Engineer: 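Following this message is one structure expressed as structure tokens.
As the structure is a prediction and not an experimental result, all values here were calculated from the model.
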Amino acid sequence: MLFVAERERNHAALADEDLMACVEAGETGAFAVLYDRHSRAAYSLAYRMMGERQAAEDLLQDAFLKIWRSAGAYRAERGSVRTWMLSVVHNRGVDQIRSSASRRRTQDKVEASAEKAQPSEAFAETWRNSRRQQVREALDTLPPDQLQVLEMAYFSGYTHMEIAKLLDVPLGTVKGRMRLGLKKVRGFFDSRGMAIPE
Amino acid sequence: MDPRRYEDLIAAYALGALPEDERRKVEEYLSEHPELQSEADELRSAADLLAFAPEEQEPPPELRQAIIGAVEPDAGAPEPESRTSVAGWGRWLSFPRLAFAASALVVIAGLLAWNVTLQGEVQELQGRMENRPEAPQTYEVSGTGIAQAASGEVMELGNGRTVLMVEELPETPRNKTYQIWRIEDGTPKPDSVFEPAEGMTAASLEKPLDGADVVAVTVEPDGGSEAPTSDPILTSKL
């Protein structure tokens with residue numbers, strides 16, 4: 001029992017990748033440490049996608065249970081644990097949005113969410129050089145029409161055809177904006193010699 | 001699928017914006033053309049960045065209990081004792097780990113001594129301050145994430161000297177360290193790095209607090225960073 005207690009205490013000292021191996025082995029202590037490290041980012045994404053507290057909480061719970069059961073699917077060579085966990089939240093969120101019977105999103109909602117993406121003066125915004133700020137700076141370099149299609153696809157779960165219909169533009173235009181937008185985000189980091197944040 | 005069609009769809013694929021049938025076709029095409037995988041990965045990593053963009057939201061504390069509680073019965077199959085098998089601990093007690101642990105012990109001993117010295121210094125300075133008309137200025141420190149249980153204060157001791165005192169600070173993950181930041185006009189300025197001590201941790205700031213609005217602590221790679229790479233786990237508004 002002493003060893004068990006010792007090991008539980010050691011979880012906090014492990015790197016994320018090692019914790020994933022522990023989670024795969026069924027160690028709830030490791031899972032709790034991963035939750036403490038990444039739940040804030042995961043919840044922020046869930047809230048951004050779902051637009052309200054209760055749905056964001058449901059999504060977070062659903063995603064973390066998926067993480068618990070699928071820890072073995074994580075591959076370190078494909079990226080950081082944090083990025084993988086956020087991709088689980090994103091994929092589950094898109095599934096939920098798309099399967100929702102009352103697909104509540106409208107053109108107004110899309111436009112409103114695009115406005116919400118503007119930087120605020122909240123305390124967290126002070127981290128100008130932090131990962132989030134770097135990403136925002138990269139997104140700020142995009143023309144509004146490119147940013148809009150990226151956000152509609154990523155956060156609201158629309159397919160390219162749905163976006164074309166909602167914006168009343170040709171499908172080819174939407175695909176072009178997606179490609180240019182992603183290339184430009186990538187180029188933002190490459191041109192500054194910065195690593196893509198993980 | 002022909003190459004033009006693939007080119008047409010790859011960005012939407014990276015964003016997860018394809019319907020199921022088209023997504024499968026892109027994946028089939030990629031499996032037949034592994035030379036295209038790196039470009040697809042680059043677009044995917046650019047799309048993944050969007051996950052970091054939202055405004056920060058703190059999940060409610062009760063959600064943590066619900067989520068951790070939900071997996072505990074699920075973990076019932078392997079009893080805690082069964083996880084202490086010789087094979088399992090063999091992995092933990094392998095030579096590289098023992099070597100690592102031994103060197104870590106040396107480092108910890110050094111840090112402990114430094115921490116004790118620093119605490120002594122703080123006490124001495126506190127004692128000196130008591131004899132002076134002005135008391136040290138203190139600011140409350142609050143923790144979040146892995147440092148949720150931590151508490152403490154930032155103490156300005158005079159002559160530009162500032163010390164961060166924190167209780168219940170957890171160990172850092174392997175190859176990571178704590179780093180202090182002074183937030184000045186919205187910009188985090190790097191300050192000292194430190195390791196936690198058992199009980200009370202005392203860490204001295206390298207620079208005076210002049211012009212800083214907030215002191216924050218993040219977990220950073222060993223040696224510290226020029227700009228924060230993670231969210232703050234301790235903050236103190238000045």
Engineer: Under 4.5 Å heavy-atom distance to chain B, tell me which part of A/His90 shows up: side chain, backbone, both or neither.
Structural biologist: side chain

Engineer: Of all heavy-atom pairs between B/Leu18 and A/Arg98, which one has the smallest distance, and what is that distance?
Structural biologist: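 Shortest heavy-atom separation between B/Leu18 and A/Arg98 comes out as O-NH1, 3.8 Å.
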
Engineer: Using a cut-off of under 4.5 Å for heavy-atom pairs, which of B/Pro60, B/Ala51, B/Ala147, B/Pro59 has the most such pairs with chain A?
Structural biologist: B/Pro59

Engineer: Can you tell me if A/Arg179 uses its side chain to pair, donor with acceptor, with the backbone of B/Ala11 under 3.5 Å?
Structural biologist: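 Here the side-chain-to-backbone pair does not exist.
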
Engineer: Run the side-chain contact (heavy atoms from CB on, under 4.5 Å) test on A/Gln134 and B/Phe52 for me, step by step, so that the C-alpha distance in whole Å, both residues' side-chain angles and the decisive distance to 0.1 Å come before the verdict.
Structural biologist: CA-CA 9 Å; A/Gln134 289 168 1; B/Phe52 295 106; over 6 Å; no

Engineer: Using heavy-atom distances under 4.5 Å, tell me whether A/Leu86 contacts chain B through its side chain, its backbone, both, or neither.
Structural biologist: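 For A/Leu86, the side chain is the part near chain B, not the backbone.
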
Engineer: Supply the atom-to-atom distance B/Ile10 CD1 to A/Met178 CE, rounded to the nearest 0.5 angstrom.
Structural biologist: 12.0 Å

Engineer: Could you tell me which portion of A/Leu65 (side chain, backbone, both or neither) has an atom closer than 4.5 angstrom to a non-hydrogen atom of chain B?
Structural biologist: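 Contact with chain B is through the side chain of A/Leu65 alone.
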
Engineer: Between B/Thr172, B/Leu43, B/Asp8, which has the largest tally of heavy atom pairs under 4.5 Å with chain A?
Structural biologist: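 Option with the greatest count: B/Asp8.
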
Engineer: Give the minimum heavy-atom separation between A/Tyr154 and B/Ala47, together with the two atoms involved.
Structural biologist: CE1-O, 3.5 Å

Engineer: Under 4.5 Å, counting heavy-atom pairs only, tell me which of A/Asp16, A/Leu139, A/Leu60 racks up the most with chain B.
Structural biologist: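 Heavy-atom pair counts peak at A/Leu60.
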
Engineer: Hey, is the main chain of B/Gln57 close enough, under 3.5 Å, to the side chain of A/Ser44 for a donor-acceptor pair?
Structural biologist: yes

Engineer: Looking at every non-hydrogen atom in both residues, tell me the closest pair between B/Ala53 and A/Val135 and how far apart they are.
Structural biologist: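 In this case the closest contact between B/Ala53 and A/Val135 is CB-CG1, 4.1 Å.
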
Engineer: Assess whether salt bridge (Lys or Arg N to Asp or Glu O under 4.0 Å) is satisfied between B/Glu7 and A/Lys175, documenting all intermediate values.
Structural biologist: CA-CA 10 Å; B/Glu7 282 290 311; A/Lys175 290 173 186 167; over 6 Å; no

Engineer: How many angstroms lie between atom CG of A/Asp190 and atom CD of B/Glu42, to the nearest 0.5 angstrom?
Structural biologist: 7.0 Å

Engineer: Can you confirm whether more than 12 heavy atoms, excluding those of A/Asp168, are under 6.0 Å from its CG atom?
Structural biologist: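 Atom CG in A/Asp168 is not crowded, with 12 or fewer foreign heavy atoms closer than 6.0 Å.
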
Engineer: Would you call B/Glu55 and A/Arg48 a salt bridge, taking side-chain N to carboxylate O under 4.0 Å as the test?
Structural biologist: no

Engineer: CE/A/Met152 to CG/B/Leu15 distance, rounded to the nearest 0.5 angstrom?
Structural biologist: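 The distance works out to 12.0 Å.
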
Engineer: Pick whichever of A/Tyr35, A/Phe155, A/Phe64 has the most heavy-atom pairs under 4.5 Å with chain B.
Structural biologist: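 Of the options given, most contacts go to A/Tyr35.
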
Engineer: If we define contacts as heavy-atom pairs under 4.5 Å, which of B/Gln148, B/Arg64, B/Glu58 has the most with chain A?
Structural biologist: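 Maximum pair count with chain A is reached by B/Arg64.
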
Engineer: Verify side-chain contact (heavy atoms from CB on, under 4.5 Å) between B/Leu49 and A/Arg186, making sure each step is shown before the conclusion.
Structural biologist: CA-CA 9 Å; B/Leu49 287 176; A/Arg186 180 92 206 176; over 6 Å; no

Engineer: If I take atom CG from residue A/Leu14 and atom CZ from residue B/Arg174, how far apart are they, to the nearest 0.5 angstrom?
Structural biologist: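 If I round to the nearest 0.5 Å, the distance is 7.0 Å.
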
Engineer: Using heavy-atom distances under 4.5 Å, tell me whether B/Ile233 contacts chain A through its side chain, its backbone, both, or neither.
Structural biologist: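 No part of B/Ile233 comes within 4.5 Å of chain A.
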
Engineer: B/Glu22 versus chain A, heavy atoms under 4.5 Å apart: side chain, backbone, both or neither?
Structural biologist: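 B/Glu22 touches chain A through side-chain heavy atoms alone.
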
Engineer: Quick check on B/Glu168: does its CD atom have over 12 non-hydrogen neighbours (other residues, nucleotides or ligands) under 6.0 Å away?
Structural biologist: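 No, not enclosed.
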
Engineer: When rounded to the nearest 0.5 angstrom, what is the spacing between CH2 in A/Trp68 and CD in B/Glu72?
Structural biologist: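 Between A/Trp68 CH2 and B/Glu72 CD, I get 8.5 Å after rounding to 0.5 Å.
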
Engineer: Does A/Glu17, at its CD atom, have more than 12 non-hydrogen atoms belonging to other residues, nucleotides or ligands within less than 6.0 Å?
Structural biologist: yes

Engineer: Let me know if B/Glu184 has heavy atoms under 4.5 Å from chain A in its side chain, its backbone, both or neither.
Structural biologist: neither

Engineer: Measure the spacing between OG of A/Ser39 and CD1 of B/Ile67 and express it to the nearest 0.5 Å.
Structural biologist: 7.5 Å

Engineer: For each of B/Pro19, B/Pro170, B/Gly16, tally heavy-atom pairs with chain A at distances under 4.5 Å, and name the one with the top tally.
Structural biologist: B/Pro19

